[in-house]
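The structure appears right after this line, and notes come after that.
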Amino acid sequence: MILDQAHQLCNGHDQLAFGFEIDTRIPNPEFSHRVQEALIKMRFHSPLVGSNIKTGNARPEGPRRFWEYRTCSTTEDARQWAVRALRVTPVDNVQVFLKGLVSKRLEDTQLVDLRDQPFACYLLVDTVGSPRAIIFHVSHALMDAAGALAISKLFLRWIVQGPDHIGIDGLRWGEEYKNLPPGPVAACGGLKPGWESSCSTMLTDIQKALSRTPAPHSLKPSRPDIMDLGKLVYTKKVVSRETSERIIQATRVLGFSVTQLFNAAFAMATFRYHPKGVDNVDNAHVTLYPAM
């Protein structure tokens, strides 16, 4: 729930949209039906997409947020959820629609009874109803890059296979909660001796790392204030396959990982594009957040 807390503090900063454009000969009524059935399969495979993020009782440090999931009793219950989670939307331009979507908070675009649900699916169609794209609008607390790629692969497979082959009616509804991911404590093997004091120490260490002196170097904003909150800026830089292979091979020869390569590139770019403000080169540093 840390990412969700970031959302509360940053007014939707952690929400994202991803998807894929479509070129298919399947007519829209049939394609929409396949997307809907694939959503039902997704609800069983990854029940968290049908969960809610609720706000608990107020505390001095702020209200605690928590996941809430209610099982589906029957296939029809799951189908009713899929009908409400799927938005078939006519568009003239996919990119223009995407820019408008990410400029809004997810909860402000949801139906009233789905307002606390951190997931929505859009099937974009052209003016004559032909499929153009599938877009998921989600909270980062629900899905990261790896999860987005994994579920996209499965979702496309289910669409191609069609309702007759993905076995919707044979799913054991009411037991899909067993597919929910374990909580962080359970995933680490349960409560450990001395966890209360150890967690307190860990949080103190994190606070020290993020408040070092001198402060971490960073880029200088081109403007003092955010003029258009949520505005999407599309940047594309293509590196040739040959160049990518040489960089990755050299990185491995030196014994580094690709993650370390990107971290180093981020730090070097920060100093290159904002060389001023470094009083002592020996103490200068850049903080790499977990999201980098």
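We're numbering straight along the sequence, starting at 1.
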Taking it one step at a time, do Lys54 and Asp116 satisfy salt bridge (charged side-chain N to carboxylate O under 4.0 Å, His left out)? CA-CA 7 Å; Lys54 309 291 286 187; Asp116 295 326; 3.0 Å; yes
The criterion is salt bridge (Lys or Arg N to Asp or Glu O under 4.0 Å); which residues satisfy it with Glu176, sequence neighbours excluded? none
Is the backbone N or O of Gln110 less than 3.5 Å from a side-chain atom of Arg115, with the two atoms forming a donor-acceptor pair by type? no
Quick check: does any side chain N or O of Ser130 sit under 3.5 Å from a backbone N or O of Asp126, one acting as donor and the other as acceptor? no
Only pairs at least two apart or in different chains count here, so list each ring pair (Phe, Tyr, Trp, His ring centres under 6.0 Å) that has a residue in residues 79-129. Phe97-Tyr122, Phe119-Phe136
Can you confirm whether Asp108 is buried at CG, in the sense that more than 12 heavy atoms of other residues, nucleotides or ligands lie under 6.0 Å from that atom? yes
Electrostatic pair Lys178:Glu175 at N-O distance under 4.0 angstrom: yes
Could you walk me through whether Val125 and Thr89 pass the side chain to side chain contact (heavy atoms under 4.5 Å, CB included) check? CA-CA 6 Å; Val125 299; Thr89 308; over 6 Å; no
Distance-only polar pair, side chains of Gln249 and Glu245, donor-acceptor under 3.5 Å: no
Which pair of heavy atoms, one from Tyr69 and one from Pro47, lies closest together, and at what distance? CE1-O, 3.2 Å
Test question: given the 4.5 Å side-chain rule for I, L, V, M, F, W and Y, name all other residues clustered with Ile247, or answer none. Leu261
For Gln117 and Arg84: C-alpha separation, side-chain torsions, deciding distance, then whether side chain to side chain donor-acceptor pair (under 3.5 Å) applies. CA-CA 11 Å; Gln117 183 174 283; Arg84 300 180 70 75; over 6 Å; no
Using modelled atom types and a 3.5 Å cut-off, is there a donor and acceptor pairing between side-chain atoms of Gln260 and backbone atoms of Ser257? yes
Determine, stepwise, if the pair Glu37 / Lys41 fulfils salt bridge (charged side-chain N to carboxylate O under 4.0 Å, His left out). CA-CA 6 Å; Glu37 297 294 291; Lys41 182 78 170 184; over 6 Å; no
Can the ring centres of Trp158 and His45 be said to be less than 6.0 Å apart? yes
Glu242: what forms a salt bridge (Lys or Arg N to Asp or Glu O under 4.0 Å) with it, not counting sequence neighbours? none
I'd like to know if Met268 and Val258 are part of one continuous hydrophobic network [Ile/Leu/Val/Met/Phe/Trp/Tyr, side-chain heavy atoms within less than 4.5 Å]. no
Ring centre gap for His217 and His285 strictly below 6.0 Å: no
For the CG atom on Asp23, are there more than 12 heavy atoms of other groups (residues, nucleotides or ligands in this structure) within a distance under 6.0 Å? no
Please report the C-alpha distance between Ser240 and Thr243 in whole Å, then the side-chain angles of each, then the deciding distance to 0.1 Å, and finally whether the side chain to side chain donor-acceptor pair (under 3.5 Å) criterion is met. CA-CA 5 Å; Ser240 69; Thr243 301; 2.8 Å; yes
Check for me, please, whether Ile151 and Leu156 land in the same ILVMFWY cluster - side-chain distances under 4.5 Å, paths through other members count. yes
Looking only at side-chain N and O atoms, does Thr71 offer a donor or acceptor that is under 3.5 Å from a partner on Trp173? no
Please go through Val128's hydrophobic cluster and name the other residues, only I, L, V, M, F, W, Y counting, with side-chain heavy atoms under 4.5 Å joining them. none
Contacts of Arg252 meeting salt bridge (Lys or Arg N to Asp or Glu O under 4.0 Å) (sequence neighbours excluded), chain-then-number -> none
